[in-house]
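See structure below.
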Amino acid sequence: MTAFVSMHQDVWSRYSGGSGAPAWTLELAGFDLTALEETGAAYIGGVKVPGVEVDRGRWPTGYQKLACSTMNTLFWAGEIFAPKVLVERNGEKVHVQKFLQDAYLDCYDWLVKGLNGLEGIVGFEIMNEPHTGYIGLPSMHQFDYNTDLHLNDVRYPTLVPYWKRSFPMPTSLSTRNMRNLNGRKVWRADGPTAGQCIWESHGVWGYDKVKKEGVVLKEAYFTRRPSDGEPINWYTDFWYPFVTRWAKRVRNIAGEDKIVFAEGIPNEFCPRSWTPDKRPANMVFAPHWYDLNALFAKAFSRLSINVQGLSRGLPVWKAFYWGHKSARENYALQLRTIVEEGYKSLGENPVLIGETGIPMDMNEKEAFSSRNFEWQERMMDALLTGLERALVGFTLWNYNPDNVDSHGDYWNGENFSWFSKQEYLERRKEKAGFQLPLDQSNEKLDEGGRILHAVVRPYAAKVAGIPLRQDYEMNTGVWEFDWANPSHESRSSNSAVSVAKPPLSHVPIRARETEIFVPLFLSKGRKLIVTYSSSKDKQAECDWTYDASRQTLFVVPEDKTPGAVHRLKVEFDTPLERRFEYSYNMDFLTFAYPLQDQQLLATGSSTSKPAAKRKSDASIDADDDDYAPASKPAAKKPRAPKAKAVVDPHAQAKQLVQAIVTNPNGFTVPSDQAAMRTQLFLIAQYASALSVGDAAGAAGTRIVKALSEDELEAAATKLARAALSQIKKQMAWKPSCKGGSAKWMYQGVAPDPAVFQRLMQLSEPAKYKATKITLEQLYDILDTNYIETSIRYGSLRITSPNINVKWNKDSGEFSFSGTYGL
């Protein structure tokens, strides 16, 4: 076994809600450890009682809270942004940044010395998931909601946002709660700033005693050097120099042959600025990847979502992947993109997925009671298939010998371990202290393992050539692998970076034997069948032998032709037991949970009766331990119904639905993914039209359909919800917000005038093309008590007392517009 050692941290320290740095580092900066939670400077609910999950998926919000953000800022750039923070070391005053970095490197030196000489240690990783703190934050009023979950400390009683879970965005603003009612300070009087907030002492913000609220004084403080106004960049100014400094110290102790591992900011692609002169030699780029939607929801079913694409502007409906085969494709696409972005930045530099895994407690922990881990197997298979197709190595998070169902991995409610101590003890029934023989053929070594049929798979361990393709089907045990002999052709400088088509130019290969790991877990009691072919010589064969004791298949091809592609297929005479069934019919038309639970359609929600709210669907307050319900919306005024003809453009979708209904077990399913997506999108549009009455942009036969009272109300409610959601999304911070003059506009379609009449609460059809309504009327129309969005230390609200309304009865287009700001 070989390993690389990573210095792990999350949210800076266990004392600020994560793991990593000791408590004294927070005290060094002046924090009062006993006040971190009360003031909202940290969320520590998931680490106070190990393994007890107070609020699902909440711990990452700690990165944006005062304690973690401040410590990371001080560690990386304290000398620039907090020059006043000096601490004592050996009788002299030094800056806190120097103190913290020197302590970290000294600690790492001690670690490397302790492990030096161990043959199994191939290298070291500098730090798990580094974070920038406040560095580079463009506005003190708003985080990047694509990557950050909110907020931080309040020294004075302060009204802070209360966020609830939503879809497709993970959270949305619900209401606001008062925090720090007792006005407790998180800064110690004996700290380096004598009890004053570090950022207040540097003039970043101040407290208005008249208005009794914090006021930002330096809007873009963390984007430029305060000394000269020059722009800063976390990577080039802080991360790259520190990685180089760290790597030099590691190799001074362990030797130049040790590999060093480093990643970038989580969920970001490898920066183009990481050029060879800015990174140590023999470095492996080791980014992390998780299905963030599944992690945040702790759920997995037949729908998976490309969160990577959504965060970069991909339309929602294109981000949906239906069924198990599509989940594999979804994960493979995201992982391949990460790898190829690494190659684009680093060149032909090794890339390793440094951490990935799945939550074992998904789907309301149902598997812990049923002991049926099918959905965990499905998700793990999709993940590992994606990694295999991306041709990238990885480390699987995690193996925890203490894992039990009730407490998981004993940290922030996480339960990722594919080994369960509880499972092991239930199966072993052996006395404590029993030692197992470590021979690889001992099946008892697998006891305690969960979803091993998905985890234990063949892979190419050593390749005498250049890997091109790898694929494994866990339901049959068939494994396929393609690799190429290096060619003498030089790579074109403008050739595209591709996992599937890597450059075949390579240093001379000194071995011809390829080694494949074929586990006894699969091969025991089965005959191995190996099929080989070569692209250059159709008659070529290969010599192969399988050593079961080493679980290794040795392959030596005859064809030595430069550029020749070898194709290997490994299967078993008795195929593996099928773990789960999947087909396009089942995967597209059946779901593990009700459709409305996940709001699967991009253009409309389910028309079926909503399921009862689950405990796990509780709202999230990013700064409060207590759940506070949103204020009850005001009752809507009754609207007079009116029937009207509507346009029905969904003839093709209706034909698809009819074909499915009349022949559910034999209707034609496209084999092409693009055609399948097109059909699914047509059905989604039709489903939306049934619930909303939406016929925007349609052409064709007009079908008379008198809308019932309930249908009118449902259609108007749908339009109101869409308008409210889109108006809030437009209310982002911009300089004109300071004067309350930032503009917003919502444009919608109500093709049936009766629906618009019901929406606007009119007693007769609208006769105007343009009019004005009061802000209070807009609130009533949209069925809400307020419209505001949260920004740092404040909120944005609609500032125009009157709202402009435009209506085109011919096309059904309408709009609301006004202004917003502080």
Side-chain angles (χ1 to χ4, degrees), residues 164 166-168 172 316-317 591 593-613 617 630 632-650 653-654 657 681-698 702-728 746-766 773 777-785 787 805 807-809 811-816:
K164 67 179 181 180
S166 65
F167 183 89
S172 61
V316 173
W317 70 273
F591 301 91
Y593 297 99
L595 189 63
Q596 70 278 1
D597 267 9
Q598 301 185 42
Q599 296 187 21
L600 302 179
L601 298 180
T603 56
S605 60
S606 170
T607 57
S608 57
K609 183 178 179 180
K613 187 173 183 180
D617 291 329
K632 185 177 181 181
K636 294 184 97 175
K637 294 181 181 179
R639 302 182 175 111
K642 181 177 179 179
K644 187 75 175 180
V646 294
V647 178
D648 182 1
H650 304 291
K654 285 186 175 183
V657 172
F681 184 56
L682 289 172
I683 295 174
Q685 285 182 313
Y686 180 37
S688 177
L690 291 176
S691 60
V692 184
D694 178 14
R702 297 179 64 86
I703 301 173
V704 177
K705 180 184 177 183
L707 298 183
S708 68
E709 175 74 14
D710 289 342
E711 289 172 332
L712 278 172
E713 185 65 28
T717 299
K718 183 71 176 182
L719 288 176
R721 289 175 179 172
L724 179 61
S725 174
Q726 292 300 320
I727 291 170
K728 286 184 176 181
Y746 171 74
Q747 295 175 306
V749 177
D752 187 342
V755 174
F756 184 72
Q757 176 186 340
R758 176 60 64 94
L759 172 70
M760 300 302 293
Q761 304 179 11
L762 303 174
S763 59
E764 59 181 7
I773 60 175
Q777 286 177 307
L778 179 68
Y779 285 170
D780 197 39
I781 289 169
L782 302 185
D783 200 7
T784 185
N785 292 327
I787 299 178
V805 180
W807 162 245
N808 186 326
K809 66 178 181 179
S811 66
E813 296 173 312
F814 69 93
S815 67
F816 301 134

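The analysis underlying the following values was restricted to heavy atoms, covering all of them including side chains, and did not include hydrogens, waters or symmetry mates. Since this is a predicted model, take the numbers as computed values, not measurements.
The NZ atom of Lys728 sits 14.5 Å away from the OH atom of Tyr746 when rounded to the nearest 0.5 Å. Considering CD1 of Ile781 and CG of Leu724, their distance stands at 12.0 Å, rounded to 0.5 Å. Note that CG of Leu719 is 10.5 Å distant from CG of Leu782, once rounded to the nearest 0.5 Å. The distance from the CD atom of Gln726 to the CD atom of Gln747 is 11.0 Å, given to the nearest 0.5 Å. Here the CE atom belonging to Met760 is positioned 8.0 Å from the CG atom belonging to Leu778, to the nearest 0.5 angstrom. Here CD1 of Ile787 is found 5.0 Å from CD1 of Ile727. Values are rounded to the nearest 0.5 Å.
Using cut-offs of 30° and 60° for the angle between ring planes, the Phe756 and Phe814 rings count as tilted.
Remark: the backbone N or O of Asp780 is paired with a side-chain donor or acceptor of Gln761 at under 3.5 angstrom.
Nearest heavy-atom pair across Ala716 and Val755 is N-CG1, 4.0 Å. The shortest heavy-atom contact between Trp807 and Ala750 is CH2-O, 3.6 Å. Contact record, Val749 with Ser811: CG1-O, 4.2 Å, taken as the closest heavy-atom pair.
Residues passing the ring-ring contact (aromatic ring centres under 6.0 Å, His included) test with Tyr779: none are found, sequence neighbours excluded.
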